[in-house]
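The structure under discussion appears below in the form of C-alpha cells.
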There are 2 protein chains.
Amino acid sequence: MSKAQSFYDAHVSTLHKATEAVRSREFWTPYPEVPSGRIYGESANAEGQSAFKDRLDKSFELEMPALEGEVGEEVSPYGFELGIRYGRANADALIGRMQASLKAWRDAGPDARAGICLEILDRLNKRSFEIGYATMHTTGQGFAMAFQAGGPHAQDRGLEAVALAWEEMKRIPCSAGWVKPQGKNPALAQEKQYTVVPQGISLVVACSTFPTWNTYPGLFASLVTGNPVIVKPHPGSVLPVAITVEVAQAVLREAGFDPCLVSMVADTEAEPATKKLAQHPAIKLIDFTGSSTFGAWLENFCSNAQVFTEKAGVNTLIIDSVKSLKAVTRNLAFSLSLYSGQMCTTPQNIYIPRSGIDTDEGHLSFDQVASALADAITGFLGKPGVAVNVLGALQNAATLERIEACSELGRVVLASEKVDHPDFPNARMCTPLLVSVDAADKAVYSQERFGPISFLIATDSTDHSIELAREVIAEKGAITLGVYSTSEAVLDKTHELSLDVKVALSCNLAGGVFVNQSAAFSDFHATGGNPAANACLTDSSFVSRRFVVVQNRHDVTPPGGE
Amino acid sequence: MSKAQSFYDAHVSTLHKATEAVRSREFWTPYPEVPSGRIYGESANAEGQSAFKDRLDKSFELEMPALEGEVGEEVSPYGFELGIRYGRANADALIGRMQASLKAWRDAGPDARAGICLEILDRLNKRSFEIGYATMHTTGQGFAMAFQAGGPHAQDRGLEAVALAWEEMKRIPCSAGWVKPQGKNPALAQEKQYTVVPQGISLVVACSTFPTWNTYPGLFASLVTGNPVIVKPHPGSVLPVAITVEVAQAVLREAGFDPCLVSMVADTEAEPATKKLAQHPAIKLIDFTGSSTFGAWLENFCSNAQVFTEKAGVNTLIIDSVKSLKAVTRNLAFSLSLYSGQMCTTPQNIYIPRSGIDTDEGHLSFDQVASALADAITGFLGKPGVAVNVLGALQNAATLERIEACSELGRVVLASEKVDHPDFPNARMCTPLLVSVDAADKAVYSQERFGPISFLIATDSTDHSIELAREVIAEKGAITLGVYSTSEAVLDKTHELSLDVKVALSCNLAGGVFVNQSAAFSDFHATGGNPAANACLTDSSFVSRRFVVVQNRHDVTPPGGE
C-alpha cells in the first residue's frame, strides 16, 4: 500500500466528519484548542518552547533548489531579534522544479492528495506549542491566542479547505457511460472519463498578524486540488510559515513526492519578492491577506492568475439598545482588547445615537454609554494577568504612531496606555484607544485605522447609524458587523443592511462568543461580496476555482448492440 | 400558493432529474431535440414559422424603462433584412430599476427562483420552432440545427445551469445550531442563519452564431442565484435573444416580479454598448462569448465584475492511424461541414505525419489521407439536400473574405465553392476549404481562422503532431481536441496532452457523435484552463461565483442550560 493511501486510510474518518460539519455547519473540530498538557502531552509545552528557542539565531533548513543566499529580519514584538535566517531560492529555478513535479501530484488524484494534506495537518497539530511560540514571537499575539489561532484554529481552517475541495472534486465522477437513444436506430454510446486537473502553481501571500490562520485555507485548498504551492511569508512573520512548510515537505518526501511541491520564498522589507512572483506566467492562483492597496494591485494586474484577496475594511458595531449593559460592555471589552485590535474582524466603528440608548440600567446618554464601555475595558484589563495575555503586543511599530495620531481625531474617551510585560521589558504593548466623534466627521471614521483604535460615533438615530454603516461598508468593506438592539424592527433592518452590503452579522453578542471570532466549519469568514475581500474563506467558489475538469470520450458499442 | 411555488411544484421533478444527470453525467434531457410534429404538435412548425414571419418589419415590444429610440439591423444570412426594431433603454435608468427590483428577487429564495427559471425554460421549449426560425435567420444555421442548437440544446444548457446553481445554493443550510462545549462550564451556543445573496447585476454578452446556446448558461446561472440579468445581443443576432427575454419577462410578471429582472440592451455595430455597460459599477458578473481581443479586454479592465469568457481557440485533430478510413472521414466530413465550421468546437488544425498513416486500406500517404477527407466531404455534401441543410449560411460576410485569403496560405486540397439554396437565392453559402501546409508554416495555422477553413498540417511524426498541438493550444487555446489512433501509446500520449493543455479530448470518433458536439449534463464545455475560455460551461465554479453567503448569528441558551 502506498504511503499516501495509508495516510488517507488513517484520516478518512476525519475527512468525512469535516465534510459533514461543513454541510451542517454545527460545531466540530478534531484539533483541541486548549493548550493543555492533558491533551497534548505533559511535556508538550516545554518541548514546544524549547523547539522554538532552538530555532533562534540559526539557519532554517528547507528543501529548495538554486539557493541564492539567506534573508531574515524577524524581531519579536516582545522585544528581541529572532536571528533566524531563511534560504532564498532562485524563483525561476523553483518554479521550473515545481512545474516538473506537478504531473505526479496531479496524477496522484484527490484521495492521495487529501491523505497527505490530512497527515500534514495532523503533524502540525502535534506541533501546536512550537507553532504557538513561533506565532507569539512574530505576530505579538499572547501565547494562549497564538497557540489557538496559530495552531488548532488554523488547522481547522486548513482541514475545512481540504474537506470542501475534496468533496468538490469527488462530485465529478471519474467516468460515465453515455447512451443516447436514436429512435429505431442503435443508440449512440460513449464512455467518458473525467480528470481533475490543477490550475498550475499557487502563490499564497501570508500576512504578518495571522501567518498560519489566513494562509492555511489557500495553501491547503490549492494543494489538495493538485497545485504546487509557494508560500511567500511576510518578512516579519516567517517562522510559523517555515515550520508549516517543513512539516509539509517531510510528509511529501515520505510519500514519495517532491517536497518542493510546498515551498517558501522569503523576502525582505527592502526587497519584496511578491510582485514579480505574482506576475510570473506559471502562477495561476494567488491568495493574499494584507493591505487594500496591494490586494487591489494583485486583482488588477495579475491576469495570469485567479486572485483571492482579504484586505482592509471598516468593521462596524451598531448600538441601539441593550438588555444588559454589563454583559454587553464586558463582551465588547474583550473584543476590543483581544490582540490589541489587530484582527481583521475587530470592530472599529461603533455607531451610537447621540440621544443615548435604552438599557437595563435606564436610558443612558451617549457619554454614559461611552464611559461604560471605557470602564469595562479598564476593569477587564485591570485584572491580574489579563492585559499581558489578552492584548498581546503590537506586531508593527507603525501601529503605535497610528494610535497617537488617532488620539487627535476626536475626544479621547479612553486613552491608550503603555503596558509592561513582566517577562519581556521591551514588549510593544498598550491598551485600546477609544475616541468619540460626530457622525459629521466621516473622513475620520470612513477608513481603516489598523490597531487598537475604535471610534464611538454619535448619530442622529439608529436609522442614521444604519445608513452611515451602509455607506462606509459599501465603500470600504467590512468583515464583521455587530448590532445590539432589543427591538425586532432594528434587528430586521440590520439584517437587511447585512444582506445589502454583504457582511456577516452578529446580533446581541453578550456572552462568551465575540464578534471578532470566526469558527471553522460554521462561520463563513468574509463574504467576498464587499470591498474587504473578493473571496470567502471558505466556500465552494474558494475551492472549485482551483481546478478544471478535462474529459476524454470515445465511442463504444451501445448496450444491446453487436 | 404563490405562482412561483406552483411553478416550482410543477417542475421540481425535472429539477431533481437534472441534478442527478449532472452528477452521473449520463445521457438525459427533458427537451426533445427532434423537430417533430408528433412531439411538439402537428401545427408547431407552421405556427413557429408564422410567428417568426409576424416578427418581421415591426417593433419588438419588451418591457423597459426610459426608452431612447429603436435600433435594428439584422439581415438574414439567407439574404433578406429582418426589419425588426428593438427599443433601447437608457442604461442608467434600466440599471436603477433592476437594482430596485433585486431585493424582492433575492428574498424570493432559491426554490422560487428555480421554479420561475424552469417555467421560462419550459415555455421556451414550447416555442422551439419559432426560436429555431429566429436562430436560422440570424445565425445562418440550417433549420434542423437552428431548431436543436437554438432550442432544446440551449434549453438543456440553461437547465443544467439552473440545476447546478440550485444544488450549490441548497448545499448551504438555511440555519444551524452551533454548540461549543466548554468543559465544566455551560456550552457556548448560537443560532446561525445563512442567506444566499446575489452578486449584483449580471451582464450576458451574446454572440452572433449561438445567441441562445452560449447565452443560456450565464443567463440562467445568474438569474437563479438572484442576479438581475441584462442580455446584450450581437447586433446581427438579436431576435432569438429578444424572444427569450420576452418569455422570461412574461413568467416574471405572472409571478409578481419585475419583468425587467431580465432585460435586453440592443445596440448597433456602429455604436456598441458593451464597454460602457461592462464597466458600470453595478455590473458584478459578465458572461461573454466572442473574440479573444474583446474577451481579454473584459478580463483585464472590468475589475468591477467577475468575468466568464469563451473566446477564440485553435481546435485540433491529431491523426495517427485509423481502424476504418471510411468511417473516420465520414465522421470528419460532417464535423467540418456542420454550420460551415462556425462552431467554437469545429476542428481547424489537422496534424498528419508527412509519411502518412496506417489504415484499414493499407498505409496511405499524407496526400492520400488529404484526398480521402476531401472526397468524403464532397461526397457527403453531394447528397441531395445535405449541403443546404448541414452547411447553413455564413453569419458574417467577412468569413467569405477570410476563406479567400486562406486559400492563398498553402496548397488547396479542397476548394470552397459557392452553394445555391433553392429557397433563398441570396443565401451566403459555400463548402469547406481544406488547405495543406507544412509544420514549418506555423504562422499560418497558429491562429484561429474562423469559418469553414481547416489546415492539414504535415508533421515529422505523431510525436511531432502532439508537440505542435501542445504549443499552439498552450498559446492560443482550444475547446476541442480529437485524436485518431489504433495505438494505445498514442492515445495515452494524447490523453497526457489533453491534461497538460487542459482541453477536452475525443478519441476515435467514427460514428454518430462528432468532436464539435457538446452534450449538456455530460460534456464539460470548455475547461476554463486554456486561453480559449477562462471558464467552463457549466461547472461548479461557473455557478458558485455568482452568489455569496451572508450569515446572521446570535447567542442562545445552550441545550440543557437554564
Side-chain angles (χ1 to χ4, degrees), chain A residues 23-27 34 103 106 168 171-173 176-183 185 188 190 192 194-195 197 199 296 299-300 303 495-496 498-500 502-513 519 522-524 527-529 536 539-541 544-545 548-555, chain B residues 23-27 34 103 106 168 171-173 176-183 185 188 190 192 194-195 197 199 296 299-300 303 495-496 498-500 502-513 519 522-524 527-529 536 539-541 544-545 548-555:
Chain A
R23 291 296 144 226
S24 76
R25 306 204 83 80
E26 292 173 2
F27 173 80
V34 186
K103 195 177 125 42
R106 174 190 82 193
E168 207 63 64
R171 291 170 83 198
I172 314 293
W178 182 87
V179 181
K180 180 175 177 177
Q182 295 292 293
N185 297 316
L188 297 175
Q190 294 202 308
K192 306 188 184 193
Y194 306 95
T195 307
V197 176
Q199 292 280 8
E299 290 169 12
N300 287 315
S303 58
H495 179 67
E496 279 300 309
S498 76
L499 300 184
D500 291 346
K502 306 195 187 87
V503 63
L505 175 64
S506 295
C507 298
N508 290 320
L509 298 189
V513 178
S522 184
D523 291 323
F524 289 90
T527 65
C536 163
D539 65 6
S540 169
S541 86
S544 62
R545 294 168 67 184
V548 303
V549 180
V550 173
Q551 66 176 50
N552 183 335
R553 61 182 185 175
H554 63 272
D555 297 336
Chain B
R23 291 297 143 227
S24 76
R25 307 204 82 77
E26 293 171 3
F27 173 79
V34 186
K103 194 177 125 43
R106 174 190 81 194
E168 206 64 64
R171 291 169 82 198
I172 315 294
W178 181 86
V179 181
K180 179 175 178 176
Q182 297 292 294
N185 298 318
L188 299 175
Q190 293 202 309
K192 305 187 184 193
Y194 306 94
T195 306
V197 176
Q199 292 280 8
E299 291 170 9
N300 287 315
S303 60
H495 179 67
E496 278 300 309
S498 76
L499 300 183
D500 292 346
K502 306 194 186 87
V503 64
L505 176 63
S506 294
C507 298
N508 290 321
L509 298 190
V513 178
S522 184
D523 290 323
F524 289 90
T527 65
C536 164
D539 65 7
S540 169
S541 86
S544 61
R545 294 166 67 184
V548 305
V549 181
V550 173
Q551 66 176 51
N552 182 336
R553 60 182 187 176
H554 64 272
D555 298 336

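Protein chains get the first letters and strands the later ones, always in sequence-line order, with residue 1 at the start of each.
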Exercise. Would you mind checking which part of A:Ser24 comes under 4.5 Å of any heavy atom in chain B, side chain (CB onward), backbone (N, CA, C, O), both or neither?
Key: backbone
Quiz prompt | Between NZ on residue A:Lys192 and CG on residue B:Asp523, distance to nearest 0.5 Å | solution = 3.0 Å
Practice problem: Can you tell which part of A:Asn185 gets under 4.5 Å to a heavy atom of chain B, answering side chain, backbone, both or neither? | Solution: neither
Quiz prompt | Pairwise distance CZ(A:Arg553) to SG(B:Cys507) - rounded to 0.5 angstrom | solution = 10.0 Å
Self-check item: Student check: side-chain heavy atoms of B:Leu499 and A:Lys103 closer than 4.5 Å
Solution: no
Quiz prompt | Segment of B:Val179 engaging chain A (4.5 angstrom heavy-atom cut-off) | solution = backbone
Quiz prompt | Residue pair A:Val550 / B:Val503: nearest heavy atoms and the distance that separates them | solution = CG1-O, 3.2 Å
Quiz item: Looking at B:Val197, B:Asp500, B:Val513, B:Asp539, which has the largest count of heavy-atom pairs under 4.5 Å with chain A?
Solution: B:Val513
Practice problem: Identify the two heavy atoms, one from A:His495 and one from B:Thr195, that lie closest to each other, and give their separation to 0.1 Å. | Solution: CE1-OG1, 4.1 Å
Quiz item: Checking heavy atoms, do the side chain of A:Lys180, its backbone, both or neither come under 4.5 Å from chain B?
Solution: both
Self-check item: Part of B:Asn508 within contact of chain A (heavy atom distance under 4.5 Å)
Solution: backbone
Quiz prompt | chain A contacts, top residue of B:Gly183, B:Gly511, B:Gly512, B:Cys536 (heavy-atom pairs, under 4.5 Å) | solution = B:Gly512
Quiz item: Nearest heavy-atom pair of B:Arg25 and A:Trp178: which atoms, and what distance?
Solution: O-CD1, 4.1 Å
Quiz item: Which atoms of B:Lys502 come close to chain A, meaning under 4.5 Å heavy atom to heavy atom: side chain ones, backbone ones, both, or neither?
Solution: both
Practice problem: Mind listing the closest non-hydrogen atom pair of A:Ser541 and B:Arg545 along with its distance? | Solution: CB-CG, 3.7 Å
Quiz item: chain A heavy atoms under 4.5 Å from B:Leu188: which part of the residue, side chain, backbone, both or neither?
Solution: side chain
Quiz item: What's the shortest heavy-atom distance between B:Gln199 and A:Gly529, and which atoms?
Solution: OE1-CA, 4.5 Å
Self-check item: salt bridge (Lys or Arg N to Asp or Glu O under 4.0 Å) partners of A:Arg171, counting only residues at least two apart
Solution: A:Glu168, B:Glu167, B:Glu168
Practice problem: Indicate the atoms forming the closest heavy-atom contact of A:Tyr194 with B:Ser522, along with that distance. | Solution: OH-O, 2.9 Å
Quiz item: Do any N or O atoms from the side chain of B:Glu299 and from the backbone of A:Ser303 form a donor-acceptor pair under 3.5 angstrom?
Solution: no
